[in-house]
Visitor: 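The structure's right below; bear with me while I get my questions together.
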Amino acid sequence: MADLVIETQELTKRYGDFTAVDRLDLKVRSGEVFGLLGPNGSGKTTTILMLLGLTEPTAGRVQVLGFDPARQPLSVKSRVGYMPDSIGFYDELTARENLIYIAKLNGIPRKEAYRRIDQALERVGLGDVAERPVRTFSRGMRQRLGVADVLIKEPELIIMDEPTQGLDPAGAREFLELIQGLKEERISILLASHLLHQVQAVCDRVGLFRSGKMFVEGTVPELARQVLGGAYRIQVHVVRPDEAIQQALGRLPGVLRVTPRDGTGYEMETREDIRPQVAQAVVGAGGELLTLEIEQPSLDEIYARYFQQAEEEVEHVPA
Amino acid sequence: MSQLEAGMVRSGMAAPQAQGKEGSPWTGLWAVVGKEMADHLTSIRMLILELLVVLTAAGTVYAALQTLRSTVGQDRFLFLRLFTTAREPLPAFVGFLGLLVPLIAIALAFDSVNGEFNRRTLSRVLAQPIYRDALLMGKFLASFFTLALVLTVIWLLIIGMGVIGLGLPPGGEEVGRMLWFLVATIFYGGIWLAVALLFSILFRQPATAALGSIAVWLFFTIFWGILAQLLARTLRPIRYGFVEEVLAQARLELALSRISPNTLYTEATIGLLSPSVRSFGIILPEQLQGILLGTPLPLTQSLLLIWPQLTGLIAATLLLFALGYVLFQRQEIRA
């Protein structure tokens with residue numbers, strides 16, 4: 001299992017009676033972007049702090065890049081870049097000075113540090129404002145400076161906690177492009193967030209996290225299969241919907257549900273992409289097909305459905 | 001650096017949780033010290049305090065010089081008088097220092113840890129390959145060096161003014177005494193630095209930490225003397241008016257008052273800058289036999305006299321720092 005960058009086993013953190021993280025088994029593979037999804041207060045940040053050795057686990061095992069963060073925090077922290085949520089900088093210092101301090105803390109030789117800082121600032125598009133004090137920076141600029149800050153140690157793994165929170169749509173999009181770029185360089189990324197549509201755009205795999213537990217994990221279609229029972233949703237529009245068409249559709253293999261939609265057609269949930277069969281079925285039942293659209297369920301839907309189920313099962317746990 | 005590190009480790013201040021962990025707890029220490037000192041030295045806060053101290057030094061020393069000019073040649077320890085001579089309406093420079101040093105020290109440290117929390121920089125800094133030890137120690141050392149730097153500059157300034165004003169160079173013994181006085185002053189500041197640092201760890205609001213530190217300082221400056229007196233009277237009451245009773249009460253009061261760093265510093269200052277002082281306690285007539293009153297002690301004897309005060313100041317600094325250190329290690333870093 002040499003290609004795992006993060007591996008936890010039964011990782012647990014308790015504060016008194018409160019269990020923040022409950023027997024977590026998390027595996028992140030090398031080069032992938034893993035999204036840790038969950039509502040606020042579900043234990044995402046606590047997990048991250050344990051991964052970095054900033055909080056000691058109550059029980060369980062953690063391996064980050066093959067090191068134990070509790071025993072070898074320096075090795076872990078010199079290879080892992082961490083972007084905390086609502087990242088802070090020394091406002092009175094310039095962007096470059098902020099990064100120089102971080103480079104010094106990492107023990108990077110001066111010349112090399114200057115080279116990396118220039119490169120990182122250029123990369124996140126802050127090359128022109130490097131000499132401006134950070135107090136003049138917008139939220140989006142700070143967030144990008146945070147990426148530069150992480151990049152100067154040339155990390156093998158980057159952990160980001162709510163990186164797109166508080167960014168305007170344009171800023172968030174730019175930021176996600178930045179993450180996409182990092183992914184192309186084979187840097188592994190762990191992204192904790194509750195902003196689902198953004199996570200869906202960049203993550204290879206996601207894990208749904210709630211009350212300190214990770215219930216399901218996998219790619220988005222996998223999760224959809226697990227949580228929604230169907231991975232595909234097909235919208236069928238016909239001229240005159242009638243009973244015969246609906247029955248024909250319901251008889252197709254792999255169909256989970258057929259729901260009529262306000263007199264214009266049907267919504268189908270299926271296990272596979274069976275659009276050709278649907279078309280045939282409609283025509284075979286004497287219907288006139290107008291359009292046939294397939295949509296993958298969004299992570300928002302999975303998430304909402306999933307936590308709705310969880311809510312019903314464990315009613316006393318607050319969301 | 002290595003000597004200092006070794007000293008710290010030997011005195012038991014290595015991180016409790018660093019045991020069994022890789023690397024030195026002081027990795028990155030000098031990066032922190034460098035950054036923090038640069039912050040201090042360029043801050044407006046420091047500028048104001050430096051101005052205040054320089055003005056005080058210039059004012060009091062000028063006033064002292066006016067008085068001392070008339071006695072040049074009669075006094076062996078003329079330079080020491082620069083610090084201790086008061087001329088109405090100004091108190092002596094050492095009197096001012098007793099007020100200003102705590103103020104500078106508190107101003108340097110009251111927002112050092114909670115400031116990082118509030119700016120949300122703490123988790124980012126601690127995610128770098130350093131231990132918390134290095135961060136806290138670095139912050140303390142940076143404030144301490146800044147304080148030492150400011151005090152040394154003023155000390156040199158005063159001596160320079162003295163050389164010009166009096167037209168004499170200081171003697172070897174005087175230089176020695178003044179140096180020890182500087183050391184005592186720096187560690188007196190160290191105590192307040194450690195107090196402010198401790199409060200900056202305890203309280204999330206810098207204003208609360210500043211107020212707390214000032215409250216402690218006021219307590220020891222104003223109320224502790226009164227309290228020591230009351231306590232001594234209650235615990236060792238004078239019932240029959242025996243000499244023993246009076247002595248016991250006076251001794252207790254003195255012992256209690258020495259809990260205050262102000263008392264320690266005042267006594268250390270007096271012992272160093274007034275060579276003829278032989279004791280701070282009660283002197284019985286029989287102890288005075290064979291003594292030529294008013295003759296100065298050699299520096300080594302004066303040092304011996306104030307040794308407990310000096311070590312007390314240093315020990316209190318280390319103790320308070322160690323307390324803050326333990327608290328900081330246990331603190332959760334998430335905001």
Side-chain angles (χ1 to χ4, degrees), chain A residues 13 15 20 41 43-46 48-56 67-93 97-108 113 134-135 142 145-146 149-150 152-153 155 158-159 161, chain B residues 15-47 111-135 137-139 142 328-335:
Chain A
K13 177 72 183 179
Y15 296 104
K44 295 185 305 255
T45 303
T46 309
I48 290 173
L49 293 181
M50 285 192 285
L51 293 177
L52 289 164
L54 294 176
T55 295
E56 307 236 333
F67 298 99
D68 175 1
R71 293 267 151 242
Q72 298 153 297
L74 300 190
S75 297
V76 170
K77 289 194 283 185
S78 60
R79 289 171 177 80
V80 180
Y82 171 46
M83 257 185 78
D85 59 340
S86 53
I87 189 164
F89 290 94
Y90 300 103
D91 284 347
E92 64 287 353
L93 301 183
E97 284 166 342
N98 265 292
L99 296 189
I100 289 174
Y101 181 42
I102 295 302
K104 279 185 184 160
L105 290 178
N106 277 283
I108 302 169
V134 177
R135 103 174 77 84
R142 277 165 193 268
L145 184 57
D149 174 280
V150 162
I152 52 172
K153 62 165 103 167
I158 299 177
I159 299 179
D161 199 351
Chain B
Q17 50 164 243
Q19 284 160 7
K21 286 194 177 184
E22 64 166 344
S24 155
W26 310 115
T27 317
L29 175 69
W30 296 103
V32 179
V33 172
K35 189 253 169 198
E36 294 290 325
M37 261 192 96
D39 281 358
H40 284 319
L41 294 176
T42 51
S43 70
I44 295 175
R45 196 193 294 171
M46 256 338 274
L47 192 74
D111 63 348
S112 48
V113 174
N114 48 22
E116 298 269 348
F117 262 114
N118 295 336
R119 279 178 295 187
R120 297 179 168 279
T121 45
L122 190 65
S123 51
R124 196 170 58 87
V125 168
L126 287 180
Q128 310 311 322
I130 59 163
Y131 285 106
R132 293 184 192 197
D133 314 57
L135 186 68
M137 193 69 193
K139 282 183 171 287
F328 185 59
Q329 289 287 355
R330 292 185 176 181
Q331 205 162 43
E332 286 293 335
I333 67 145
R334 60 186 305 177

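A, B, ... follow the sequence lines: proteins, then strands. Residue 1 opens every chain. Note that these values count all heavy atoms, side chains included, but never hydrogens, waters or copies made by symmetry.
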Visitor: Over all heavy atoms of both residues, which pair between A:K77 and B:L126 is shortest? Give the atoms and the distance, please.
Guide: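 Minimum heavy-atom separation between A:K77 and B:L126: NZ-O, 2.8 Å.
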Visitor: Below 4.5 Å from any heavy atom of chain B, which atoms of A:I159 appear? Answer side chain, backbone, both or neither.
Guide: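 Neither part.
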Visitor: Taking side chain as C-beta onward, heavy atoms only, is A:Y90 less than 4.5 Å from B:V125?
Guide: yes
Visitor: For residues 83-93 of chain A, which residue pairs qualify under salt bridge (charged side-chain N to carboxylate O under 4.0 Å, His left out), counting only residues two or more places apart or in two chains?
Guide: A:D91-A:R142, A:E92-B:R119
Visitor: Search all heavy atoms of B:P129 against all heavy atoms of A:N106 and return the closest pair with its distance.
Guide: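 B:P129 and A:N106 have their closest heavy atoms at CD-OD1, 2.8 Å.
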Visitor: Could you tell me which portion of A:L49 (side chain, backbone, both or neither) has an atom closer than 4.5 angstrom to a non-hydrogen atom of chain B?
Guide: side chain
Visitor: Working to the nearest 0.5 angstrom, can you tell me the gap between A:L52 CG and B:Q128 CD?
Guide: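 That separation rounds to 10.0 Å.
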Visitor: With a 4.5 angstrom heavy-atom cut-off, could you sort out which part of A:D149 is near chain B: side chain, backbone, both or neither?
Guide: side chain
Visitor: Could you tell me which non-hydrogen atom of B:A31 sits nearest to which non-hydrogen atom of A:Y101, and how far apart they are?
Guide: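 Heavy atoms only, the tightest pair is O-CE1, 3.6 Å.
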Visitor: Less than 4.5 Å apart, side chain to side chain, heavy atoms only: is that true for A:Y15 and B:E332?
Guide: yes
Visitor: Please determine whether the number of non-hydrogen atoms from other residues, nucleotides or ligands lying under 6.0 Å from atom CZ of B:R330 exceeds 12.
Guide: no
Visitor: For B:I130 and A:L105, which heavy atoms make the closest approach, and how far apart are they?
Guide: CG2-O, 3.8 Å
Visitor: May I ask you to decide if A:G88's main-chain N or O and B:R124's side chain share a donor-acceptor pair within less than 3.5 Å?
Guide: yes
Visitor: Report the option among B:G115, B:A127, B:G28 that has the most heavy-atom pairs separated by less than 4.5 Å from atoms of chain A.
Guide: B:A127
Visitor: Please report the closest heavy-atom contact between A:L54 and B:R132, naming both atoms and the distance.
Guide: O-NH2, 3.3 Å
Visitor: Indicate the atoms forming the closest heavy-atom contact of B:R120 with A:S86, along with that distance.
Guide: NH1-OG, 3.0 Å
Visitor: Check whether B:D39 gets within reach of chain A through its side chain, its backbone, both or neither, counting any heavy atom under 4.5 Å.
Guide: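 Side chain only.
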